[in-house]
Colleague: 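Okay, handing you the structure first.
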Amino acid sequence: MIEYLKGEIAELTPAMAVIDCNGVGYAANISLNTYSAIQGEKACKLYIYEAIREDAYALYGFADRQERELFLLLISVSGIGGNTARMILSALSPNELINVIGSENANLLKTVKGIGLKTAQRIIVDLKDKIKTGAVASAAGLDAATNMPASTELMDEAVAALTMLGFAQGPSQKVVLAILKEEPSAPVEQVIKLALKRL
């Protein structure tokens, strides 16, 4: 079992990181929170969850143990798979998610793409007792140190990430364009977060 990967960042998009470990490149699915934490770094350490099924073998990478713990709790809920859990952790920071579950705010959880009211309520019921709201260490800050200027490069990156998360390219482009008109100085992870709430 892989506990973590430590090495150079060979490729990085808001949805995936390729970590070069002594010449072997491991592709790990990541959330926007992890992307924010490792963006601009030459090397990183990602805590790994291996999803092994009959038809697929996928790695999910997290910048810290706390986010991985939350991911594991989310996928323990009936009906929540790896991609849905990653979507939740891209729309909400670990601390926000803990507060949402602790305060039983199903409406906020429902704003995440693919999460209906029943699923949001199930997440809260299943995880409420497992999450100790006050005892959780603060997560890595969401503000990226480098705010990329609004550009076609930023737009392409945001649309590519949304496409990798399963959204159609056309609607993704429209939403990203609208967001960049409203907030031209927003970093790419902020644009994707806002897009996730609108798609």
Side-chain angles (χ1 to χ4, degrees), residues 13-17 28-37 39 47 49 51 58 60-64 66-131 133 136 138-144 157-180 182-183 186-199:
T13 71
M16 180 172 282
N29 296 301
I30 60 172
S31 71
L32 282 178
N33 293 306
T34 292
Y35 175 76
S36 298
Q39 186 190 23
Y47 293 94
Y49 168 74
Y60 291 87
F62 307 94
D64 59 44
Q66 180 200 32
E67 191 180 13
R68 183 175 65 177
E69 287 303 313
L70 285 170
F71 178 87
L72 293 173
L73 287 172
L74 285 168
I75 61 173
S76 74
V77 176
S78 172
I80 302 288
N83 282 333
T84 305
R86 178 174 67 157
M87 189 83 74
I88 294 168
L89 287 166
S90 289
L92 301 166
S93 73
N95 279 352
E96 286 169 339
L97 179 59
I98 288 161
N99 289 334
V100 163
I101 293 169
S103 63
E104 301 184 28
N105 189 345
N107 287 330
L108 186 58
L109 204 49
K110 208 174 66 171
T111 63
V112 178
K113 167 77 176 153
I115 301 292
L117 183 60
K118 281 186 177 172
T119 308
Q121 289 169 337
R122 191 182 316 125
I123 290 169
I124 288 167
V125 168
D126 285 8
L127 303 185
K128 191 174 54 183
D129 295 336
K130 296 178 185 174
I131 288 175
T133 311
V136 178
S138 72
L142 279 180
D143 297 331
E157 198 173 352
V159 172
L162 291 165
T163 309
M164 284 173 85
L165 288 168
F167 296 99
Q169 193 164 354
S172 298
Q173 284 176 328
K174 276 186 189 169
V175 169
V176 169
L177 263 174
I179 291 165
L180 287 174
E182 294 163 24
E183 300 190 38
V188 68
E189 60 271 21
Q190 184 67 27
V191 171
I192 297 165
K193 272 189 177 217
L194 293 167
L196 285 174
K197 290 180 178 168
R198 297 186 193 186
L199 281 165

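For reference, positions follow the sequence shown, starting with 1.
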Colleague: Tell me whether T13 contacts the main-chain N or O of A161 through its side chain, where contact means a donor paired with an acceptor under 3.5 Å.
Modeller: no
Colleague: Show your working on side-chain contact (heavy atoms from CB on, under 4.5 Å) between K128 and I123 and close with a plain yes or no.
Modeller: CA-CA 8 Å; K128 191 174 54 183; I123 290 169; over 6 Å; no
Colleague: Please report the closest heavy-atom contact between Y60 and A51, naming both atoms and the distance.
Modeller: CE1-CB, 3.8 Å
Colleague: Rounded to the nearest 0.5 Å, what separates atom OG in S90 from atom CG in L196?
Modeller: 6.0 Å
Colleague: List the atom of A91, the atom of K193, and the distance in Å for their closest heavy-atom pair.
Modeller: O-NZ, 4.0 Å
Colleague: Say whether, by atom type as modelled, one donor and one acceptor occur between the side chain of T119 and the main chain of I115 under 3.5 angstrom.
Modeller: no
Colleague: Report the C-alpha distance between E182 and R198 in whole Å, list the side-chain angles of each, state the deciding distance to 0.1 Å, and finish with yes or no for salt bridge (charged side-chain N to carboxylate O under 4.0 Å, His left out).
Modeller: CA-CA 14 Å; E182 294 163 24; R198 297 186 193 186; 2.8 Å; yes
Colleague: So do E189 and P14 actually touch side chain to side chain, heavy atoms under 4.5 Å?
Modeller: no
Colleague: Hey, does the side chain of D126 reach the backbone of S76 with a donor-acceptor pair shorter than 3.5 angstrom?
Modeller: no
Colleague: Any side-chain heavy atom of I101 within less than 4.5 Å of one from L73?
Modeller: no
Colleague: Compute the ring centroids of Y49 and F62, then answer whether they are less than 6.0 Å apart.
Modeller: no
Colleague: Quick one: closest heavy-atom pair of V100 and L108, and the distance?
Modeller: CG2-CD2, 3.3 Å
Colleague: Quick one: does L165's side chain get under 4.5 Å of N83's, heavy atoms only?
Modeller: no
Colleague: I need the N105 CG to K110 NZ distance, nearest 0.5 Å.
Modeller: 10.0 Å
Colleague: I need the Y47 OH to D64 CG distance, nearest 0.5 Å.
Modeller: 8.0 Å
Colleague: Please tell me if the side chains of I192 and V176 come closer than 4.5 Å, counting only heavy atoms from C-beta onward.
Modeller: no
Colleague: Do L74 and T84 touch side chain to side chain, with heavy atoms closer than 4.5 Å?
Modeller: no
Colleague: Within this structure, what is the OG1-CG distance for the pair T34 and L89, rounded to the nearest 0.5 Å?
Modeller: 8.0 Å
Colleague: Going through the distances and angles, do L194 and E183 end up as a side-chain contact (heavy atoms from CB on, under 4.5 Å)?
Modeller: CA-CA 10 Å; L194 293 167; E183 300 190 38; 3.7 Å; yes
Colleague: Closest heavy-atom contact between A63 and A37?
Modeller: CB-CB, 3.7 Å
Colleague: Can you name the salt bridge (Lys or Arg N to Asp or Glu O under 4.0 Å) partners of E69, sequence neighbours left out?
Modeller: none
Colleague: Is there a donor-acceptor contact under 3.5 Å from the side chain of T163 to the main chain of V159?
Modeller: yes
Colleague: On a heavy-atom basis, which atom in A85 and which in I75 lie closest, and how many Å separate them?
Modeller: CB-CG2, 3.7 Å
Colleague: Return the CG to CG distance between L109 and L92, rounded to the nearest 0.5 Å.
Modeller: 6.5 Å
Colleague: So do R122 and I80 actually touch side chain to side chain, heavy atoms under 4.5 Å?
Modeller: no
Colleague: Run the side-chain contact (heavy atoms from CB on, under 4.5 Å) check on L162 and V175 step by step: do they pass?
Modeller: CA-CA 10 Å; L162 291 165; V175 169; 5.9 Å; no
Colleague: Quick one: CG on N29 to CE on M164, what's the gap to the nearest 0.5 Å?
Modeller: 7.0 Å
Colleague: Give the intermediate values and the outcome of side-chain contact (heavy atoms from CB on, under 4.5 Å) for residues F167 and K113.
Modeller: CA-CA 10 Å; F167 296 99; K113 167 77 176 153; 3.2 Å; yes
Colleague: Using atom types as modelled and distance alone, determine if a side-chain donor or acceptor of R86 lies under 3.5 Å from a backbone N or O of A15.
Modeller: yes
Colleague: Check whether any side-chain heavy atom of P171 sits under 4.5 Å from a side-chain heavy atom of K174, and report yes or no.
Modeller: no
